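Here is the structure we will look at, set down as structure tokens.
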Amino acid sequence: MSILSGKNILLGISAGIAAYKTASLVREFIKAGANVKVIMTPASKDFVTPLTLSTLSKNPVHSSFYNEDDENAEWNNHVELGLWADYFLVAPATANTLSKMASGTCDNLLLATYLSAKCPVYFAPAMDLDMYKHPSTLNTFNTLESFGNIMIPATTGELASGLVGQGRLAEPEDIVAFIEANILKKLPLRGKKILITAGPTYEALDPVRFIGNHSSGKMGFEIAKASANLGAEVCLITGPTHQEVKHSFIEVIPVVSAEDMYNATHKYFKTVDVAILSAAVADYKPKEFSNSKIKKKDAAFILELEKTKDILASLGAIKTKQILVGFALETDNELENAKGKLKKKNLDLIVLNSLKDKGAGFKSDTNKVTIIDSKNNIKTYKLKSKAEVATDILSVITQKLNA
Ligand code: CTP
């Protein structure tokens with residue numbers, strides 16, 4: 001899955017012959033799973049039709065501040081478009097449009113949107129070779145880069161004029177690859193490996209019965225997604241859940257029992273930078289497993305249980321460079337119990353959730369947590385969605401990694 005999947009891309013097209021390539025560019029973004037909206041300078045409509053681009057992007061294409069053909073004359077809000085975008089790309093970016101961007105000129109929708117956009121801005125110049133190397137154009141490139149805009153350089157080859165040199169718009173697939181690589185490079189967890197456990201474990205009694213718990217796995221899956229979106233390579237070891245995730249940075253390893261989870265976790269732990277154990281691992285399992293289904297009898301059934309291995313504690317005992325994060329689900333003496341677990345299991349962080357808090361815990365989509373570190377720093381968060389809680393946890397971890 002591309003890092004652009006689910007992202008909002010605003011494509012601004014200015015009037016160069018290379019505008020014909022934007023049809024393929026829109027397709028490449030759509031193929032990567034992005035949502036695309038297109039704005040055009042009025043003159044660029046001579047080179048590629050809005051109809052082509054609205055069909056490919058599945059969104060209306062705008063080129064002026066209001067819709068001329070619409071008798072209700074709806075205003076095209078450049079501020080809204082700018083805020084909608086996760087990334088704004090101007091391609092092809094002509095010398096004229098680039099120079100206006102650099103000077104703050106605002107005489108069309110594309111330029112007004114550029115001035116309103118808060119997201120990263122990429123620009124892919126396309127022009128004749130002498131225009132490209134003119135000191136004025138080079139000055140414009142420098143000015144835009146000084147604003148934090150990112151240039152996708154033109155390539156060298158035959159130009160529309162018939163001359164050969166630098167000035168060709170980069171190929172659509174190369175523009176998309178450039179943006180993907182640029183985003184990845186800047187992600188705070190790029191190059192880090194994170195192991196996450198999630199969900200319940202099932203401890204089999206016989207071929208048809210088990211002891212389990214109500215963990216939905218949601219918290220662990222949200223942590224996995226948030227880690228991957230921050231660029232980490234994730235190994236998600238999960239007990240049986242209904243959760244699903246598809247992300248090229250996440251390897252899902254399904255397990256069933258505490259023993260399976262212990263083995264899988266130990267297989268990966270040595271190579272990771274961070275381990276976050278959010279699974280609700282069974283503390284006990286049936287002492288005996290019956291190969292055939294246990295038949296009911298008249299007498300009461302007494303089940304003997306034995307302890308499972310504590311995965312978190314076992315990792316705390318062998319950890320070297322890893323940041324080890326545990327969870328504590330408590331009902332009484334929450335802070336003291338969580339601090340006790342942090343110390344006893346040799347953790348760097350513990351995420352406490354109290355069953356006394358409404359909306360916290362197993363099955364809900366929300367959680368309310370307190371994060372405690374080994375130096376006894378305590379941070380309490382308000383009730384949030386599990387996705388937001390995942391982001392909070394990862395922000396504490398990222399700070400630790402950078403400390
Ligand atoms: N954990 C684990 N292996 C186990 C049990 C728990 O890795 N066999 C991990 C959980 O993933 C969680 C943390 O340990 O990160 C929970 O700690 P634990 O002391 O087991 O909490 P409880 O199960 O709630 O224990 P207690 O009944 O003592 O409160």
Side-chain angles (χ1 to χ4, degrees), residues 194-204 210-224 227 234-241 243 253-270 272 274-287 305-319 322-357 360-363 367-374 386 389-390 392-394 396-397:
I194 302 192
L195 182 156
I196 295 160
T197 66
T201 62
Y202 287 178
E203 310 305 323
F210 61 86
I211 298 174
N213 60 66
H214 288 303
S215 168
S216 64
K218 274 181 201 154
M219 195 62 249
F221 274 67
E222 289 300 345
I223 297 171
S227 307
V234 177
C235 168
L236 174 61
I237 299 171
T238 174
T241 79
Q243 304 296 317
I253 296 159
V255 294
V256 177
S257 66
E259 184 73 20
D260 298 342
M261 192 173 272
Y262 177 95
N263 291 335
T265 307
H266 276 266
K267 185 170 163 203
Y268 290 94
F269 184 65
K270 284 200 180 79
V272 302
V274 180
I276 308 169
L277 273 61
S278 71
V281 187
D283 289 325
Y284 294 93
K285 63 177 181 181
K287 192 162 184 201
L305 301 177
E306 65 180 7
K307 275 187 106 170
T308 56
K309 290 179 195 154
D310 189 320
I311 306 168
L312 187 57
S314 71
L315 299 183
I318 60 165
K319 81 172 170 140
Q322 296 89 346
I323 292 180
L324 184 58
V325 185
F327 272 70
L329 179 63
E330 306 290 340
T331 51
D332 307 286
N333 280 334
E334 294 97 328
L335 265 184
E336 287 323 303
N337 283 338
K339 282 187 200 168
K341 281 177 190 172
L342 176 99
K343 198 150 186 260
K344 192 167 142 214
K345 300 192 186 190
N346 191 25
L347 311 181
D348 298 281
L349 294 171
I350 192 151
V351 182
L352 160 68
N353 37 135
S354 164
L355 273 186
K356 279 187 184 155
D357 287 322
F362 267 15
K363 276 186 169 168
N367 207 354
K368 181 168 180 348
V369 301
T370 297
I371 303 179
I372 309 162
D373 73 10
S374 51
K386 285 188 171 168
V389 172
D392 287 338
I393 295 170
L394 286 164
V396 176
I397 291 171

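These numbers come from a predicted model, not from an experiment. Note that ligands are numbered from 1 as they come in the structure, with each ligand's atoms numbered from 1 the same way.
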Test your reading of the model: is there a side-chain donor-acceptor pair from [X] to the backbone of [Y], 3.5 Å cut-off?
X      : Y      : value
Glu203 : Ala258 : yes
Asp260 : Ser257 : yes
Thr308 : Asp283 : yes
Asn213 : Ala280 : yes
Glu334 : Leu352 : no
Ser278 : Thr197 : yes

For ligand 1, note which part of Lys309 has a heavy atom under 4.0 Å away: side chain, backbone, both or neither.
backbone

How far is [atom] from its nearest protein heavy atom, and which residue and atom name does that atom have?
atom                    : answer
atom 11 (O) of ligand 1 : Ala279 O, 2.6 Å
atom 5 (C) of ligand 1  : Asp283 OD1, 3.4 Å
atom 12 (C) of ligand 1 : Phe327 O, 3.2 Å
atom 26 (P) of ligand 1 : Lys341 NZ, 3.8 Å
atom 15 (O) of ligand 1 : Leu277 O, 2.6 Å
atom 6 (C) of ligand 1  : Val281 CB, 4.0 Å

Need the ligand 1 atom indices (1-based, order shown) with element for anything under 4.0 Å from a heavy-atom of Lys345.
14 (O), 17 (O), 18 (P), 19 (O), 20 (O)

Quick check on contacts: which atoms of ligand 1 are under 4.0 angstrom from a heavy atom of Gly326?
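Atoms satisfying the 4.0 Å criterion: 15 (O).
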
Under 4.0 angstrom from ligand 1, any heavy atom of Lys307?
no

Contact with ligand 1 for Met261, non-hydrogen, under 4.0 angstrom
no

Per atom 9 (C) of ligand 1, closest listed option by heavy atom (Leu312, Thr308, Thr265)
Leu312

Atom 2 (C) of ligand 1: which of Asn337, Ile311, Leu324 has the nearest heavy atom?
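It is Ile311 whose heavy atom sits nearest to atom 2 (C) of ligand 1.
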
His266 versus Ser314, closest heavy-atom pair with distance:
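Heavy atoms only, the tightest pair is NE2-OG, 2.8 Å.
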
Apply the test side chain to side chain contact (heavy atoms under 4.5 Å, CB included) to residues Asp348 and Lys319: give CA-CA distance (whole Å), side-chain angles for both, the deciding distance (0.1 Å), then the verdict.
CA-CA 10 Å; Asp348 298 281; Lys319 81 172 170 140; 2.9 Å; yes

Distance-only N or O hit between ligand 1 and Ala280, under 3.5 Å
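By distance alone, the answer is no.
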
Derivation and outcome, side chain to side chain contact (heavy atoms under 4.5 Å, CB included), residues Thr265 and Leu195:
CA-CA 8 Å; Thr265 307; Leu195 182 156; 3.8 Å; yes

